[in-house]
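Worksheet for the structure shown next.
Index from 1, following the sequence.
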Amino acid sequence: MSAAPLLSVNDLRVGFATEDGIVQAVDGVSFDLRPGEVLAIVGESGSGKSVTAQTLIGLTRANNARIEGSVALDGKELTSASDAEMRKLRGERVAMIFQDPMTSFNPVYRIGSQIVEAIRTHRPDTSKADGKTRVVELFEAVGIPNAAQRVDDYPHEFSGGMRQRAMIAMALALEPEVLIADEPTTALDVTIQAQILGLLEKLNRERNLATILITHDLGVVAEVADRVLVMYAGKVVEEGTLDEIFYDPQHPYTWGLLGSLTRIDRPRPHRLPQIAGSPPSLLDLPEGCPFRPRCPHEFSKCTEYPALESRGGEASDHRDRCWLSPEQKREKRQVEGQIGLEAPGEVRQA
């Protein structure tokens, strides 16, 4: 029997009032997260991934923000929690690894001192010496060499990969239950990226962390995720286990993301794999399915937006928002012998 959810998100909606209207950045996102589980949230820039994650820890609260729905951590509702309660919760129970560690650290303070300050803010009884000892232990845990010396370095003295490890150390400083990693491998070369992903997987396993991994790269997802949410234009368009998403994807957008991965084990395709067009403006979404203008398989029913549900004829947690039948999907997603999205003008006749 699986463990009870530690984090439950139900029908989360986040909108921002602008001069041009309401930008609905997140529209009806729901999921559960259990201890020891890695949930990947994937999609292009602007799909609502980071806004979803930041809303979980209260970072999108503003005068122009409209937040609806429920975010419950171990039964405690967070959307109605006070700012003081959220400040105590951040780092202590839910921690976040931000996308760019160079802008997340203050450049004029030593990295160790910044992490000690975070520890002592939550635990005032901790002395500076004990805090520094804790930081050295954290640096060693995340694989930073010469940890006792590196705690006194400034951010610019760390390489990109080492800064990211220091960010992970800061996130783990107070032993949180939930870890949110927002594009943790952005701008890192592939070898360092593999090391960071291996580190996250190791920490998740050893500390039983409930982890949310935000990324646009399904190659990253394949390394560590247990379940996957695919987002587009603020909505979840497909969700399922890692194997379901990779081996039996049901939404054309997911096919496009998978087809955009470079495969070194296959012959080079005659064209670079890509998804045609650009994501829609959240101020002017198309009628029906927002992916419709970019989808080579759209037809008349696509002017209605389907619910997120299982369409395989049996109860399943693998759900999607596409009107095509499972049989049609299996046939249409094959492009040059692998899963992908056909280019405009290359659509086969049904």
Side-chain angles (χ1 to χ4, degrees), residues 9-15 23-32 39-53 55 69 212-218 220-222 225-261 273-282 284-299 301-312 316-326 328-330 332-333 335 339-342:
V9 178
N10 183 41
D11 198 26
L12 181 64
R13 301 173 186 272
V14 185
V23 174
Q24 197 65 41
V26 177
D27 193 359
V29 171
S30 300
F31 62 84
D32 289 332
L39 173 69
I41 304 179
V42 303
E44 293 169 283
S45 296
S47 61
K49 311 182 301 298
S50 293
V51 173
T52 298
T55 301
I212 298 175
L213 174 64
I214 298 169
T215 182
H216 61 274
D217 186 350
L218 279 171
V220 168
V221 170
D226 298 307
R227 290 191 301 119
V228 182
L229 263 62
V230 182
M231 291 189 66
Y232 188 78
K235 287 183 178 287
V236 176
V237 296
E238 184 169 1
E239 64 175 331
T241 65
L242 181 68
D243 286 347
E244 287 169 340
I245 296 298
F246 271 78
Y247 298 110
D248 191 26
Q250 297 295 300
H251 197 282
Y253 180 59
T254 310
W255 309 345
L257 292 176
L258 288 167
S260 298
L261 294 174
Q274 61 181 345
I275 302 175
S278 301
S281 166
L282 296 178
D284 186 25
L285 291 172
E287 181 183 11
C289 175
F291 189 61
R292 181 168 59 88
R294 306 175 71 187
C295 182
H297 307 298
E298 66 109 359
F299 62 109
K301 197 164 179 62
C302 296
T303 54
E304 303 173 34
Y305 202 6
L308 181 67
E309 59 187 35
S310 174
R311 303 172 192 279
S316 171
D317 290 333
H318 188 189
R319 304 186 295 169
D320 69 276
R321 295 181 186 269
C322 183
W323 290 117
L324 293 172
S325 69
Q328 289 175 314
K329 292 170 182 175
R330 281 192 286 270
K332 293 179 181 297
R333 70 192 182 194
V335 179
I339 293 172
L341 192 66
E342 291 172 328

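Scanning all heavy atoms of the two residues, the minimum distance from Pro252 to Cys322 falls at CD-SG, 3.7 Å. Closest of all the heavy-atom pairs between Gly28 and Asp11 is CA-OD1, 3.3 Å. The two residues Pro290 and Leu285 come nearest to each other via the heavy atoms CB-CD2, 4.3 Å. Shown here for Ala222 and Phe246, the closest heavy-atom pair between the two residues is CB-CZ, 3.6 Å. In plain terms, the two heavy atoms of Pro249 and Thr254 that are nearest each other are CB-CG2, 3.9 Å.
For the pair Leu242/Val228, a side-chain contact is recorded, criterion being any heavy-atom separation below 4.5 Å from C-beta on. Counting heavy atoms from C-beta outward, Val230 and Val236 have side chains that stay 4.5 Å or more apart. Between Cys289 and Cys295 the shortest side-chain heavy-atom distance does not fall below 4.5 Å. Contact annotation: the side chain of Met231 approaches that of Ile41 to within less than 4.5 Å [non-hydrogen atoms, C-beta and beyond]. A 4.5 Å side-chain heavy-atom check between Thr52 and Val14 finds every atom pair outside the cut-off.
Here the CG atom belonging to Asp248 is positioned 7.5 Å from the CD1 atom belonging to Ile339, to the nearest 0.5 angstrom. Here the NZ atom belonging to Lys329 is positioned 6.0 Å from the CZ atom belonging to Arg311, to the nearest 0.5 angstrom. Remark: Lys49 NZ to Leu213 CG distance equals 11.0 Å, nearest 0.5 Å. The structure places NE2 of His251 at 10.5 Å from CG of Leu341, a figure rounded to the nearest 0.5 Å. The line from OH of Tyr253 to CD of Glu44 is 3.5 Å long, rounded to the nearest 0.5 Å. To the nearest 0.5 Å, atom CG of residue Asp320 and atom CD of residue Glu309 are 8.5 Å apart.
Partner of Thr55 under the side chain to side chain contact (heavy atoms under 4.5 Å, CB included) criterion, out of Val26, Leu12, Val29: Leu12 alone.
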Kindly indicate, with the supporting measurements, whether the criterion side-chain contact (heavy atoms from CB on, under 4.5 Å) is fulfilled by Lys332 and Leu324.
CA-CA 10 Å; Lys332 293 179 181 297; Leu324 293 172; 4.0 Å; yes

Gln250 and Glu244: side-chain contact (heavy atoms from CB on, under 4.5 Å), yes or no, with the steps?
CA-CA 9 Å; Gln250 297 295 300; Glu244 287 169 340; over 6 Å; no

Would Leu308 and Glu239 count as a side-chain contact (heavy atoms from CB on, under 4.5 Å) if you check the C-alpha gap in whole Å, the side-chain angles of each, and the deciding distance to 0.1 Å?
CA-CA 9 Å; Leu308 181 67; Glu239 64 175 331; 3.6 Å; yes

Kindly indicate, with the supporting measurements, whether the criterion side-chain contact (heavy atoms from CB on, under 4.5 Å) is fulfilled by Phe31 and Asn10.
CA-CA 7 Å; Phe31 62 84; Asn10 183 41; over 6 Å; no

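By the side-chain contact (heavy atoms from CB on, under 4.5 Å) test, Val23 is found to be paired with Thr18, Leu282, Leu283, residues two or more places apart in sequence or in another chain being considered. The salt bridge (charged side-chain N to carboxylate O under 4.0 Å, His left out) search around Arg292 returns none, not counting sequence neighbours. Partners of Asp226 by salt bridge (charged side-chain N to carboxylate O under 4.0 Å, His left out), not counting sequence neighbours: none found.
Under the 30°/60° scheme for interplanar angles, the aromatic rings of Tyr232 and Phe291 are found to stand perpendicular.
Between Thr303 and Glu287, the side chains place no donor N or O within less than 3.5 Å of an acceptor N or O (distance only, hydrogens not considered). When only modelled atom types and interatomic distance are considered, His318 and Glu238 share a side-chain donor-acceptor pair under 3.5 Å.
Aromatic rings from His297 and Trp323 are positioned such that their centres are separated by 6.0 Å or more.
Remark: the backbone N or O of Gly277 is paired with a side-chain donor or acceptor of Arg294 at under 3.5 angstrom.
Counted within 6.0 Å of OH on Tyr247, heavy atoms from surrounding residues, nucleotides or ligands total 12 or fewer; the atom is thus considered open.
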